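To keep things clear, I will list the structure first and then write my remarks on it.
For the single chain, residues carry numbers from 1 onward in sequence order. All values below come from the heavy atoms of this structure, side chains included, with hydrogens, waters and symmetry mates left out. Predicted model only: the values in this text are computed from it and were never measured.
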Amino acid sequence: MSFIVSLCKTFFRYVILILLLTVLCLIFFSDEFHSIWSKPGNAEAEQLKTHIASLNFEMKQTRLRLEQQRLRRDSIGLTSPLQKAAASWEYEKTKLQLDVCEKLHDMYKVQEAALQRKAQSTLVKLRDWFFDQWGVRGWTVLASVCLALIGLPILSKLLLYYVIAPAVEKVPPLSLEASPDSPPVTFSPAETCIHFKLPEHSSLFLRAKGGDWGKVRKNVHGRTKFLWSWKAPLVSLAADLAELYHYTSLPGQAGEVKLTSPTPDAFLMAIHLNGKSGVVVRPKYLIGLTSDVKVRTHWSLNLHNILSGRIRRIIFYGTGTIFISGNWGVDAREAVPATAENRDISKIEDNLLLAYDSRAKYSFCRTQTFWHFFRGSSSLFDYQLEDGTFFTQNSPLPSESGSNRHGIERFVDGVFSNIGMLFGF
C-alpha cells in the first residue's frame with residue numbers, strides 16, 4: 001500500500017510540475033504580457049516616426065506660408081502702416097510656429113536615436129529572437145521541456161546503474177597500506193561507557209563537539225587544547241581536532257577517565273594501534289585519541305575515491321588508542337575477499353561505515369536491485385572491503401538517515417556538501 005501511495009505522489013508531483021510550467025508559459029507569452037515586454041520600443045518607435053513625418057509636413061507648409069507672408073509684407077507700401085503692421089504680426093506668428101515645430105522635431109529625433117541604440121543591445125536582441133522563435137516553435141519547445149523533465153531523471157538512473165556502475169566494478173580495489181601482511185589492530189567491545197586508564201605522563205584528547213565525553217575523571221588535570229598539533233594545523237583542522245579537552249595524569253599517579261556518550265543511542269569503541277597498521281577514520285565519528293597517536297593524509301585520484309567524493313583519506317597510526325562512536329552500537333568484523341559463492345560478504349552502506357583498517361582493500365560494488373536505487377531507497381554503490389578489519393554502526397545518525405548516496409549522486413543535489421566530503425568529512 002505504501003508503495004502505491006509513494007508512486008502516486010511521484011506521478012502527481014510530475015503532473016503538477018508540468019501544469020505549473022504550462023501556466024507560466026501561457027502567462028508569459030500571452031498577448032497582454034507580450035504587449036508589455038514586446039520588442040523594445042516597437043510601439044514607441046512607430047509613434048515617433050508618425051510624429052516626425054507629420055512635423056516634416058507641417059514645417060514644409062509653414063515655410064511656404066512664411067515665405068508668402070514675407071512677400072506680402074514687403075509689397076505693402078509705407079502709405080498703409082496698419083496693413084504693414086498686421087502683415088508683420090502674421091509673419092512673426094508663423095515664424096514662431098516654425099521654431100516650435102523645429103524644436104519638437106529635434107526632440108523626437110533624439111528619442112528615436114536613443115531607441116535605436118537600445119535596440120542594438122545584446123539582451124534586447126536575445127529577447128527579440130526568443131519572441132520570434134516562440135511564434136514558430138513555442139509549443140514544441142514546451143513539450144520538449146516537459147518530456148525532458150520526465151525522461152532525463154529516468155535516463156540518468158539507467159545510465160548510472162547499467163553503464164557506469166558495471167564499469168566501476170571492474171576497477172581493481174585500492175589499498176592504502178604498503179605491507180598488507182602487518183598484524184591487524186585490536187579493539188575493545190563496544191559499550192555505552194569506557195573506563196580508560198591513563199598512565200603517568202600520558203595525555204588524552206577528547207573532542208568537545210557533541211558534548212563532554214569525559215565527565216567523570218580521577219587523578220587528571222584538564223585544560224583546553226585549541227589545536228591538536230600546531231606543527232600540522234591543516235591536518236588537525238581536516239581531522240576536526242580543534243577545541244579539544246586535554247587531560248593529563250597528575251605527577252606520580254595514574255589517571256582514569258570515564259568516557260560516556262552525551263546521547264543514549266551512541267556506543268563507544270576503543271581501537272588500539274600496534275605501531276604498524278593504521279586506521280582510516282571518518283573524522284565526525286572520532287571521539288578522542290591519546291598522545292601516542294599520529295595522523296597522516298593520503299591523497300588519491302583513483303576512480304573509487306572520485307566516485308565516493310573523498311579524494312583524501314585521514315589515517316591514524318602509531319601506538320596509542322583512538323575512540324570512535326557509532327549509533328545503536330559499533331561492530332568490528334574481519335573482511336574477506338568476495339567470491340562468486342558469497343558475494344554479500346563485506347558489502348557496507350556508506351553511511352554505516354565508521355573506520356577501516358589501512359591494510360584493507362576497498363572498492364565499490366553495484367547495489368543489488370535497480371528499482372530500489374531508482375526509488376532512492378538505496379545508494380548506487382556499496383563499499384566492499386577485503387583483507388582487513390572494518391568498523392560499522394548499526395544505524396545511521398538521524399541527520400544522515402536519508403543521505404545513503406555516494407558523491408556521484410550527491411553532487412547533483414548540493415555542491416557545498418561535496419566540497420567538505422572531498423577533504424575527508
Q: Of all the heavy-atom pairs spanning Leu354 and Gly326, show the shortest one and how long it is.
A: CD1-CA, 3.9 Å

(Q) Ignoring hydrogens, what is the shortest heavy-atom contact between Phe267 and Trp328? Give both atom names and the distance. (A) CD1-C, 3.9 Å

Q: For the pair Ser325 (side chain) and Ile287 (backbone), establish whether a donor and an acceptor sit closer than 3.5 Å, ignoring hydrogens and angles.
A: no

Q | Interatomic distance, Leu286 atom CG to Phe323 atom CZ [nearest 0.5 angstrom] | A | 10.0 Å

Q.
Keeping Arg207 on the side-chain end and Leu244 on the backbone end, is there a donor-acceptor pair under 3.5 Å?
A. no

Q: Mind checking the OG-CD1 spacing from Ser358 to Ile315? Nearest 0.5 Å is all I need.
A: 6.0 Å

(Q) Could you work out, with ring pair (Phe, Tyr, Trp, His ring centres under 6.0 Å) as the rule, every residue matching Tyr356, not counting sequence neighbours? (A) Tyr362

Q.
Checking the side chain of Arg65 only, and the main-chain atoms of Thr94 only, is there a donor and an acceptor separated by less than 3.5 Å?
A. no

Using a 3.5 Å cut-off and no angle test, enumerate the donor-acceptor pairs between side-chain atoms of residues 99-107 and protein atoms at least two apart in sequence or in another chain.
residue	atom	partner	partner atom	Å
Glu102	OE2	Arg63	NH2	3.3
His105	NE2	Asn56	OD1	3.0

Q. Is there a donor-acceptor contact under 3.5 Å linking the side chains of Thr248 and His221?
A. no

Q.
Once rounded to the nearest 0.5 Å, what's the spacing between atom CG of Leu289 and atom CD1 of Ile324?
A. 13.0 Å

Q) If you round to the nearest 0.5 Å, how far is CG of Leu198 from OG of Ser291? A) 8.0 Å

Q) Shortest non-hydrogen contact from Pro283 to Ile314? A) CG-CD1, 3.6 Å

Q | Main-chain N/O of Gly252 paired to Glu200 side chain as donor or acceptor, under 3.5 Å | A | yes

Q | Phe57 atom CZ, neighbour heavy-atom count above 12 within 6.0 Å | A | no

Q: Without swapping roles, check the side chain of Thr367 against the backbone of Phe381 for a donor-acceptor pair under 3.5 Å.
A: no

Q | Separation between CD of Gln393 and OH of Tyr285, rounded to the nearest 0.5 Å | A | 4.5 Å

Q: Look at the rings of Tyr245 and Tyr247 and say which category their plane angle falls in: under 30° parallel, 30 to 60° tilted, over 60° perpendicular.
A: parallel

(Q) If you apply the rule side chain to side chain donor-acceptor pair (under 3.5 Å), what do you find for His272 with Thr319, and how did you get there? (A) CA-CA 7 Å; His272 309 289; Thr319 57; over 6 Å; no

Q. Short question: side chain of Thr321, backbone of Ala270 - any donor-acceptor pair under 3.5 Å?
A. no

**Q.** Distance-only side-chain donor-acceptor flag, His246 / Arg223, under 3.5 Å
**A.** yes

Q: Test ring pair (Phe, Tyr, Trp, His ring centres under 6.0 Å) on Phe390 and Tyr383 and set out the steps.
A: CA-CA 11 Å; Phe390 60 91; Tyr383 267 100; over 10 Å; no

Q.
How long is the straight-line distance from CG of Leu160 back to CZ of Arg366, given to the nearest 0.5 Å?
A. 11.5 Å

(Q) Can you tell me how the ring of Tyr161 sits relative to the ring of Phe373, calling it parallel under 30°, perpendicular over 60° and tilted otherwise? (A) parallel

